[in-house]
Amino acid sequence: MSTDNQKVALITGGSQGIGKSIALNAAKRGIGVILTYNSHPEAGTAVANEIKANGGKAVALKWDSADVASFNDFASQVQQVLKNEWNRDNFDYLVNNAGIAQRTLIRDTTEEIFDQLVNVNFKGVFFLSQRLIPLIADGGQIINISSGLARFAFPGVAVYGALKAAVEALTRYFAKEYADRKIRVNTVAPGAIDTEFGGGKGDESHRRQIADMTALGRLGEADDIGLFVASLLSDDSRFLNAQRIEVSGGIVI
Ligand SMILES: NC(=O)c1ccc[n+]([C@@H]2O[C@H](COP(=O)([O-])OP(=O)(O)OC[C@H]3O[C@@H](n4cnc5c(N)ncnc54)[C@H](OP(=O)(O)O)[C@@H]3O)[C@@H](O)[C@H]2O)c1
């Protein structure tokens, strides 16, 4: 596969689950991939190696969403990788996918849990986008991964759901402030997806319950989201901007 003039996507949390699927599917569409991992370097490297084994180009970098102080160094690393691997000084698509959940009822939510959720799911998204936007080509795109839980409420995920709603609002503000550079900013909100996220989707009866409240009658798989997000990473979506798209098989409708 030729990598001349290749479009390049940076996908956070590309080491497993939804982010891994986005990375693999973007690469299948001919996009160069910079993916990040945090606590599982071997998983991040394995995804990059899989892409390379299939003829694509990929680099895995360590990045911790909660460590804003390291973001300038991370941006420099990204710049270096772009120069070395693609002979470019910018990239085209940023997918803010990394995230964590912690199931706790409101009454049991400590300040520590609250701050951790804020740092990874919201503060990190804001400051990474702010720092990397100078490296995104004019006409590029940012996709923020939200959640169905920003639209409907289940017990135990109040802070997480509220932060995803905040990310959705942020999507519109970024679209507004970077319109002069024609950078499009959109949200993809997955429904319940069968990954390790927040400890996985639980026992058979819980999974059945989720399937029963979903019009298509099943939990989602990582590829349900990965295929869709990868399909947005092209000029085919060129007039889509400042939107939230829920990809959930029709959960809680
Ligand atoms: N699964 C669902 O049901 C569901 C539903 C709606 C929305 N989502 C959203 O989809 C996104 C991906 O979820 P997933 O299901 O793929 O989860 P996952 O399987 O748990 O993967 C999470 C990814 O985020 C990375 N990550 C975790 N903490 C991080 C940190 N502090 N800094 C940087 N990266 C970090 C992980 O990297 P390491 O493993 O290397 O640490 C991993 O690559 C999240 O934003 C989540 O909120 C998921």
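Only this structure's heavy atoms are used, side chains among them; waters, hydrogens and symmetry mates stay out. Start at 1 and go down the list; that is how both ligands and their atoms are numbered.
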T171 and N144: side chain donor to acceptor below 3.5 Å: yes
Y93 ring center within less than 6.0 Å of F91 ring center: no
Which residue and heavy atom of the protein sit nearest atom 45 (O) of ligand 1, plus the separation: N97 O, 2.6 Å
Non-hydrogen atom of S21 closer than 4.0 Å to ligand 1: no
I142/N96 under side chain to side chain contact (heavy atoms under 4.5 Å, CB included): CA gap, chis, key distance, verdict: CA-CA 7 Å; I142 299 176; N96 284 310; 3.7 Å; yes
S237 and R184: side chain donor to acceptor below 3.5 Å: yes
Shortest heavy-atom approach to atom 22 (C) of ligand 1 - which of A98, G161, G99: G99
Proximal ligand 1 atoms for K201, defined as those under 4.0 Å from one of its heavy atoms: 1 (N), 2 (C), 3 (O)
Within-shell test, A101 vs ligand 1, heavy atom, strictly < 4.0 Å: no
Electrostatic pair D138-R181, nearest N-O below 4.0 angstrom: yes
Atoms in ligand 1 flagged as close to I18, the criterion being non-hydrogen separation under 4.0 Å: 10 (O), 15 (O), 16 (O), 48 (C)
Shortest reach to atom 39 (O) of ligand 1 by a heavy atom, considering only E42, E246, H40: H40
Where ligand 1 meets G13 - atom numbers and elements under 4.0 angstrom, heavy-atom basis: 23 (C), 24 (O), 25 (C), 43 (O)
Proximity winner for atom 9 (C) of ligand 1, if only heavy atoms of V247, I145, V95 are counted: I145
Flag for S21-N25: side-chain donor and acceptor within less than 3.5 Å: yes
Contacting atoms of ligand 1, where contact means under 4.0 angstrom from a heavy atom of Y37: 40 (O)
I100 near ligand 1 by a heavy-atom separation under 4.0 Å: yes
Atom 7 (C) of ligand 1 - nearest protein heavy atom and its distance: S146 O, 3.0 Å
Nearest-neighbour protein heavy atom for atom 31 (N) of ligand 1, which is reported as residue plus atom name and distance: D64 OD1, 3.1 Å
Atom 17 (O) of ligand 1: nearest protein contact (heavy atom, Å): F197 CD1, 3.2 Å
Carboxylate-amine/guanidinium contact R88 D92, below 4.0 Å: yes
Parallel, tilted or perpendicular: ring planes of F174 versus F126, cut at 30 and 60 degrees: perpendicular
Trace of the ring pair (Phe, Tyr, Trp, His ring centres under 6.0 Å) decision for F154 with Y160: CA-CA 11 Å; F154 289 152; Y160 171 82; over 10 Å; no
Side chain to side chain contact (heavy atoms under 4.5 Å, CB included) between L117 and Q102, intermediate numbers included: CA-CA 8 Å; L117 287 166; Q102 171 107 29; 4.3 Å; yes
Ligand 1 versus A222: contacting region, heavy-atom distance under 4.0 Å: neither
Numbered atoms of ligand 1 (with element) below 4.0 Å of S65, judged on heavy atoms: 30 (C), 31 (N), 32 (N), 33 (C)
Part of K20 with heavy atoms under 4.0 Å of ligand 1, whether side chain, backbone, both or neither: neither
Selection from N144, T195, V157, I22 by shortest heavy-atom distance to atom 14 (P) of ligand 1: T195
Atom indices of ligand 1 within 4.0 angstrom of S15 heavy atoms, with elements: 37 (O), 38 (P), 39 (O), 40 (O), 42 (C), 43 (O)
Residue and atom name of the nearest protein heavy atom (relative to atom 29 (C) of ligand 1), distance in Å to one decimal: N38 ND2, 3.8 Å
Region of V120 that comes within reach of ligand 1 [heavy atoms, distance under 4.0 Å]: side chain
From A192, G17, G191, S147 - option closest to atom 5 (C) of ligand 1 by heavy atom: G191
Sidechain N-carboxylate O distance under 4.0 Å for D203, R207: no
Short N-O contact, K52 and E50, less than 4.0 angstrom: no
Backbone of G250 reached by a side-chain donor or acceptor of S248 within 3.5 Å: yes
Part of Y160 within contact of ligand 1 (heavy atoms, under 4.0 Å): side chain
Modelled atom types, side-chain donor and acceptor of N121 and K164, under 3.5 Å: no
Nearest-neighbour protein heavy atom for atom 33 (C) of ligand 1, which is reported as residue plus atom name and distance: W63 O, 3.2 Å
Polar contact flag, side-chain donor to acceptor under 3.5 angstrom, E168-T187: no
Residue and atom name of the nearest protein heavy atom (relative to atom 41 (O) of ligand 1), distance in Å to one decimal: S39 OG, 2.6 Å
For atom 18 (P) of ligand 1, the protein heavy atom that lies nearest, with its residue and separation: Q16 NE2, 3.2 Å
